[in-house]
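A short worksheet on the structure shown next.
Below, chains carry the letters A, B, ... as their sequence lines are ordered, and counting in each starts from 1.
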There are 2 protein chains.
Amino acid sequence: METLNAAELLAALGHESRLAIFRLLVEAGPAGVNASAIGEQLGMAPATLSFHLAHLSRVGLIAGERESRFIHYSANFGTMDELIAFLTSNCCQGEACLPKTTCCDTTEKRRAKTGKTA
Amino acid sequence: METLNAAELLAALGHESRLAIFRLLVEAGPAGVNASAIGEQLGMAPATLSFHLAHLSRVGLIAGERESRFIHYSANFGTMDELIAFLTSNCCQGEACLPKTTCCDTTEKRRAKTGKTA
DNA sequence: CAACAAATTCAACAATTATTGAATTCCATT
DNA sequence: AATGGAATTCAATAATTGTTGAATTTGTTG
């Protein structure tokens, strides 16, 4: 990932409303949440919500899929993955400096659950 | 970490110049880099650079320490750690969805090097 | 097809953020 | 204490981004 692209993703998440939307979708998982339900939970006006959803979609952090009258939005975990990889890459010329990321702890927990080693 | 605080950090990183500064400092490691050297490497005017350094400092992503006439700036890895932890927490109600973060790969590599298991 | 609900788009305005030349502060050296 | 370099602050301006009511599109249902 290039710096310009990563900056776009970070800027998209760097707004309280958009971050709240994204976190909601991350916690909701692949099933997704429809726009009006998001607006209701976060107390956002429809037009404002659409503006932020469009922004997050444009940069590829979320995606919407129409299902009858509703549009279900869900987080794009792959994009998030790439962003975190970019942020932590080439850290400290290979020296240990990020020893306790919860990201890794979470992976540990997942392994403990599933029994898989990779 | 709260959403508001995380959004501030992400917004700080969500600007191409500031992200470039931060990445430079992450790669430089704890030793840090002085302001004019940063400006030279990234081709930024002094006043512009100061503005962005102040922003990154204010939110706690970097810190500057004076050494004679120079001010050495370095990345605050702890803050970065917390941010990544926030972004990846409560993901998908505990289901696996971020299986291949380089963050974790890097931890693996580090363990392979040091021989430590935690 | 008329009525309604979900969601977006539009347009106008408000608010915030970024850039930069000039002035200033801080420190070391002579 | 004067010179000069590192870095910041200031002030004015430029540019971008966010908000929202009203209008519009899209799809469902009576």
Side-chain angles (χ1 to χ4, degrees), chain A residues 3-25 28 31-76, chain B residues 3-25 28 31-76:
Chain A
T3 304
L4 177 59
N5 187 219
E8 277 178 1
L9 298 180
L10 291 162
L13 293 174
H15 183 280
E16 203 180 355
S17 298
R18 282 192 299 269
L19 183 57
I21 293 169
F22 185 73
R23 287 292 309 160
L24 185 71
L25 296 180
V33 183
N34 69 67
S36 57
I38 297 172
E40 208 169 310
Q41 287 187 58
L42 301 180
M44 270 181 234
T48 307
L49 179 64
S50 269
F51 172 81
H52 291 309
L53 287 172
H55 189 160
L56 288 167
S57 295
R58 186 169 45 74
V59 301
L61 278 165
I62 68 173
E65 193 176 0
R66 179 142 230 153
E67 186 139 351
S68 90
R69 275 185 302 186
F70 302 86
I71 299 181
H72 290 275
Y73 284 94
S74 55
N76 186 337
Chain B
T3 304
L4 176 59
N5 187 220
E8 277 178 1
L9 298 180
L10 291 162
L13 293 174
H15 183 283
E16 202 180 358
S17 298
R18 282 193 299 269
L19 183 57
I21 293 169
F22 184 74
R23 286 294 307 159
L24 185 70
L25 295 180
V33 183
N34 69 66
S36 57
I38 297 171
E40 208 169 310
Q41 287 187 59
L42 301 180
M44 270 181 233
T48 307
L49 179 63
S50 270
F51 172 82
H52 291 308
L53 288 172
H55 190 159
L56 288 167
S57 296
R58 185 168 48 73
V59 302
L61 279 165
I62 68 173
E65 194 177 359
R66 179 142 230 156
E67 186 140 351
S68 90
R69 276 184 301 187
F70 302 86
I71 299 180
H72 290 274
Y73 283 94
S74 56
N76 186 337

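With respect to B/Y73, the side chain to side chain contact (heavy atoms under 4.5 Å, CB included) criterion is satisfied by exactly one of B/L53, B/V33, B/I21: B/L53.
At a threshold of 4.0 angstrom between heavy atoms, the contacts of A/S68 are confined to the sugar-phosphate backbone, with no base atom among them. Contact annotation for B/A35: backbone-only contact, meaning every heavy-atom pair under 4.0 Å involves sugar-phosphate atoms and none involves a base.
If you take CD of B/E16 and P of C/dT19, they are 10 Å apart, rounded to a whole angstrom. Between the CZ atom of A/R58 and the C1' atom of D/dG18 there is a distance of 13 Å, rounded to whole Å. Rounded to an integer number of Å, the gap from NE2 of A/H72 to C1' of D/dT26 is 15 Å. The interatomic distance linking B/L49 (CG) with D/dT9 (C1') rounds to 14 Å, in whole Å.
Taking 4.0 angstrom as the limit, A/S50 places none of its side-chain polar atoms (N or O) nearer than this to OP1 or OP2 of C/dA7. Side-chain N/O atoms of A/H55 include none lying less than 4.0 angstrom from OP1 or OP2 on D/dT17. Dashed line: the shortest gap from a side-chain N or O of B/N34 to OP1 or OP2 of D/dA6 is not under 4.0 Å. Under 4.0 angstrom from either OP1 or OP2 of C/dA7 there lies at least one side-chain N or O belonging to A/S36. A sub-4.0 Å separation between OP1 or OP2 of C/dT8 and a side-chain N or O of A/Y73 is present. In terms of phosphate contacts, B/R66 brings no side-chain nitrogen or oxygen within less than 4.0 Å of OP1 or OP2 of D/dA6.
A pairwise comparison of heavy atoms in A/L49 and A/I38 identifies CD1-CG2, 3.8 Å as the closest pair. Taking all atoms of both residues into account, the shortest heavy-atom contact from B/E8 to B/V59 is O-CG1, 4.2 Å.
Taken from CG in B/N34 to CZ in B/R66, the straight-line distance is 11.0 Å, to the nearest 0.5 Å.
Proximity note for A/H15 (side chain, C-beta onward) versus D/dG18, D/dA6, D/dA22: the nearest is D/dG18. Of the candidate nucleotides D/dG27, D/dG18, D/dG5, D/dG27 has the atom nearest to the side chain of A/R69.
In this structure, A/S17 and A/E67 both approach DNA chain D, and ranking their closest nucleotides by distance from the 5' end singles out A/S17. Mapped onto DNA chain D by nearest heavy atom, A/A47 and A/R18 fall at different nucleotides, with A/R18 at the one closer to the 5' end.
Classification of the B/F70-B/H72 ring pair by plane angle, with boundaries at 30° and 60°, yields tilted.
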